[in-house]
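Below is one structure, written out as structure tokens; comments come after it.
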Amino acid sequence: MTEPQRMQIVPQQRASDQQAGQSAPADQSPISELDIGEYREQDRFLPIANVSRIMKAAVPPSTKIGKDAKECVQECVSEFISFITSEAAERSLVEKRKTIGGEDILYAMNSLGFDNYAEVLKIYLAKLREHQTSSANTRVSDPFIEPRSGG
């Protein structure tokens, strides 16, 4: 068997760095395929049990889902999340923010052509925030809720 080829992956320069004529920082060494291969699958992908549970909820109870199907979906959804998150992170970086918010995810989905999903998530995000606000108000106004102890 032959030794795996070492493909060099160099971090992509940001548009702002390219405009300013800056190059990638000197302390970043190129990442090789072997380096990537050292990461275990469970470190790169969503947990298979979670993926399996979601898949089972979408089909009739009598349906069986093969291990290869679960692993395929696991890889796909993990890649999808990385794809959307990297686009959202780019927007945060351009706006000089360190936190990715819900609006950044919606923006990324729209800019990457996932408009239909973004519309549904926009509604979900609004309902989530409404629920969080009402929960916070309930906790503040309810005199019978005791604060947590410090230990």
Side-chain angles (χ1 to χ4, degrees), residues 2-141:
T2 63
E3 183 180 334
Q5 289 183 326
R6 292 184 66 94
M7 186 174 106
Q8 297 295 319
I9 301 173
V10 180
Q12 183 179 356
Q13 273 187 313
R14 304 272 181 229
S16 59
D17 291 343
Q18 291 171 346
Q19 291 170 354
Q22 299 172 349
S23 61
D27 63 339
Q28 287 184 346
S29 61
I31 301 168
S32 71
E33 280 294 323
L34 289 176
D35 293 333
I36 292 170
E38 289 178 9
Y39 289 104
R40 297 176 310 180
E41 268 189 18
Q42 60 262 39
D43 294 336
R44 295 183 299 180
F45 299 140
L46 291 174
I48 194 77
N50 295 4
V51 173
S52 178
R53 185 173 15 91
I54 294 167
M55 290 175 74
K56 286 178 184 176
V59 297
S62 61
T63 306
K64 294 192 187 299
I65 303 171
K67 183 180 176 186
D68 60 334
K70 292 175 190 176
E71 289 173 352
C72 179
V73 171
Q74 179 190 33
E75 288 184 42
C76 290
V77 297
S78 298
E79 184 63 30
F80 178 76
I81 290 169
S82 296
F83 184 52
I84 298 296
T85 304
S86 66
E87 184 72 17
E90 186 70 31
R91 179 179 187 217
S92 294
L93 184 71
V94 166
E95 295 180 2
K96 295 181 173 43
R97 291 183 288 113
K98 293 184 178 181
T99 303
I100 298 172
E103 285 77 19
D104 297 317
I105 298 296
L106 293 173
Y107 170 84
M109 293 186 87
N110 279 315
S111 68
L112 294 170
F114 298 105
D115 303 0
N116 294 342
Y117 296 107
E119 287 304 314
V120 174
L121 286 175
K122 188 183 296 183
I123 294 166
Y124 175 79
L125 184 60
K127 287 184 178 184
L128 175 66
R129 288 186 175 156
E130 181 181 311
H131 176 73
Q132 288 173 334
T133 302
S134 66
S135 294
N137 290 340
T138 303
R139 274 186 259 129
V140 169
S141 64

For the pair S52 (side chain) and I48 (backbone), establish whether a donor and an acceptor sit closer than 3.5 Å, ignoring hydrogens and angles. no
Rounded to the nearest 0.5 angstrom, the CG-OG1 distance for L128 and T133 is 9.0 Å
Over all atoms of both residues, closest heavy-atom pair of N110 and A118: OD1-CB, 3.5 Å
If you count heavy atoms of other groups shown closer than 6.0 angstrom to CZ of F114, is the number above 12? yes
Rounded to the nearest 0.5 Å, what separates atom CG in N137 from atom CD in Q132? 12.0 Å
Shortest non-hydrogen contact between I65 and K56, atoms and distance: CD1-N, 3.9 Å
Ignoring hydrogens and angles, tell me if any N or O in the side chain of S78 forms a donor-acceptor pair with the backbone of L46 under 3.5 Å. yes
Measure the spacing between CG of L121 and CD of E103 and express it to the nearest 0.5 Å. 12.0 Å
If you round to the nearest 0.5 Å, how far is CD of E95 from CG of L93? 10.0 Å
Using a cut-off of 6.0 Å, state whether more than 12 heavy atoms not belonging to F80 lie near its atom CZ. yes
For residues F45 and V51, determine if any side-chain heavy atom of one lies less than 4.5 Å from a side-chain heavy atom of the other. no
Going by heavy atoms in the side chains, are Q74 and N50 under 4.5 Å from each other? no
Hey, what do you get for OG (S92) to OH (Y107), rounding to the nearest 0.5 Å? 11.0 Å
Quick check: does any side chain N or O of D104 sit under 3.5 Å from a backbone N or O of G101, one acting as donor and the other as acceptor? yes
To the nearest 0.5 Å, atom OG1 of T85 lies from atom CD1 of I100 at 6.0 Å
Results of salt bridge (Lys or Arg N to Asp or Glu O under 4.0 Å) for K64 - residues two or more places apart only: none
Restricting to side chain to side chain contact (heavy atoms under 4.5 Å, CB included), what partner residues turn up for E119, sequence neighbours left out? K122
Work out which heavy atom in G102 is nearest to a heavy atom in R129; give both atom names and the distance. N-NH2, 4.1 Å
Please report the shortest heavy-atom distance between T63 and V59, naming the atom on each side. CB-CG2, 3.8 Å
Note: M55 and K70 closest approach over all heavy atoms is SD-CA, 3.9 Å
For A88 and A108, which heavy atoms make the closest approach, and how far apart are they? N-CB, 3.7 Å
